[in-house]
Each structure stands twice: as structure tokens, then as C-alpha cells.
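So the structure is just underneath, and the comments pick up after that.
Quick caveat, the model's predicted, so the values are computed rather than measured. Every heavy atom of this structure was used, including side-chain atoms; hydrogens, water molecules and symmetry mates were not. Heads up: numbering here begins at 1 and tracks the sequence.
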Amino acid sequence: QVQLVESGGGWVQAGGSLRLSCAASRSILTSNTMGWYRQAPGEQREVVADITPGGRTMYAVSVRGRFTISNNYAKNTVDLLMNSLKSDDTAVYYCNAADHRLWGQGIQVTVSS
């Protein structure tokens, strides 16, 4: 049973922008800290950003000032707006619901320099 569904990935040139969305039920969004993680080839999965149901956010140092995470309760999604993308941002991005220990299937983001 798929409970987290990512969308919005793809290919973009360096300096460009992408918006990732993670669709989930309202009950999951309002009872979990929701996060975006990424995993580059040969690297460990790392946290990119997360957001509590109350809207408190946390960002990895490498994306601070460039990425914005937000809850969209009208669409039941948690979104990650990624600006000023760099080749180092290339990875598979995963949505996570921390308290329910749920993961999405992952979505590829490729930034061409």
C-alpha cells in the first residue's frame, strides 16, 4: 500500500529550479514530521529538510537559503521548492514520514552543469 507518492523530479540546468511534491493523506501530514531526503550514487542517504505539522522547518546546511519546504494542506502534499540548483544536488530524492516510518519510492533529480 503506497502511502507517500513523490512527483516533480527531472532534469534541469544548473541555476534552475524544480518543485518536488509528496502526496500523502491528511492524517499522515498532520501527525508526522515530514521530510525530504536524498541519496547520490555511492553516498549515504541524507536529510535535506523537514517540517513539523506546526510548520517548524529544518534545513541541511548545503541547501539553506536555496530550498524551501512547506505543507500544502489544500492539496495534501509536502512540497520542496529547490532554487539555484547545483550539480551537487543531483540525487534520488525521497519523502519521509518520520513518526510512521514511511518512505516514498524516490524520484530522480538531475542537475546539469
Side-chain angles (χ1 to χ4, degrees):
Q1 183 179 358
V2 178
Q3 300 195 60
L4 302 179
V5 180
E6 299 108 336
S7 62
W11 178 91
V12 66
Q13 285 189 325
S17 299
L18 282 175
R19 180 187 294 271
L20 304 183
S21 289
C22 173
S25 69
R26 178 67 65 90
S27 64
I28 288 176
L29 292 179
T30 56
S31 61
N32 282 270
T33 293
M34 300 297 297
W36 283 97
Y37 288 69
R38 67 186 181 188
Q39 187 168 18
E43 302 290 333
Q44 290 189 334
R45 192 173 298 188
E46 62 177 4
V47 62
V48 175
D50 65 32
I51 185 168
T52 67
R56 186 176 64 192
T57 58
M58 182 283 297
Y59 295 94
V61 171
S62 59
V63 306
R64 203 168 292 167
R66 300 188 298 123
F67 291 11
T68 303
I69 190 171
S70 59
N71 282 318
N72 186 332
Y73 290 119
K75 296 183 177 181
N76 285 339
T77 61
V78 55
D79 298 336
L80 185 70
L81 175 61
M82 305 185 292
N83 294 323
S84 302
L85 283 161
K86 307 174 182 179
S87 57
D88 288 348
D89 296 317
T90 295
V92 177
Y93 284 70
Y94 296 89
C95 181
N96 170 260
D99 301 84
H100 283 68
R101 300 181 182 180
L102 295 174
W103 291 94
Q105 78 281 5
I107 192 163
Q108 179 70 44
V109 170
T110 302
V111 184
S112 176
S113 59

Looking only at heavy atoms, what is the nearest atom pair of I28 and L4, with distance? CG2-CD2, 4.3 Å
Do I107 and L102 sit in one hydrophobic cluster, given that two such residues count as connected whenever their side-chain heavy atoms are within less than 4.5 Å of each other, even indirectly? yes
Would you call R66 and K86 a side-chain contact if the rule is heavy atoms closer than 4.5 Å? yes
Under the 3.5 angstrom rule, does the side chain of N32 hit a backbone N or O of M34 as a donor-acceptor pair? no
If you group Ile, Leu, Val, Met, Phe, Trp and Tyr by side-chain heavy-atom gaps below 4.5 Å, do I51 and V47 land in one group? no
CG of N96 to CH2 of W36: how many Å apart, nearest 0.5 Å? 10.5 Å
Just checking R56: does its CZ atom have more than 12 heavy atoms from other residues, nucleotides or ligands closer to it than 6.0 angstrom? no
Donor-acceptor under 3.5 Å (Y94 side chain, E6 main chain): no
In this structure, CH2 of W11 is separated from CG of L85 (nearest 0.5 Å) by 11.5 Å
Evaluation steps, side-chain contact (heavy atoms from CB on, under 4.5 Å), between T90 and Q108: CA-CA 8 Å; T90 295; Q108 179 70 44; 4.0 Å; yes
Students often mix this up, so state it plainly: with edges at 30° and 60°, are the rings of F67 and Y93 parallel, tilted or perpendicular? tilted
Backbone N/O of A23 and side chain of N76: donor-acceptor pair under 3.5 Å: no
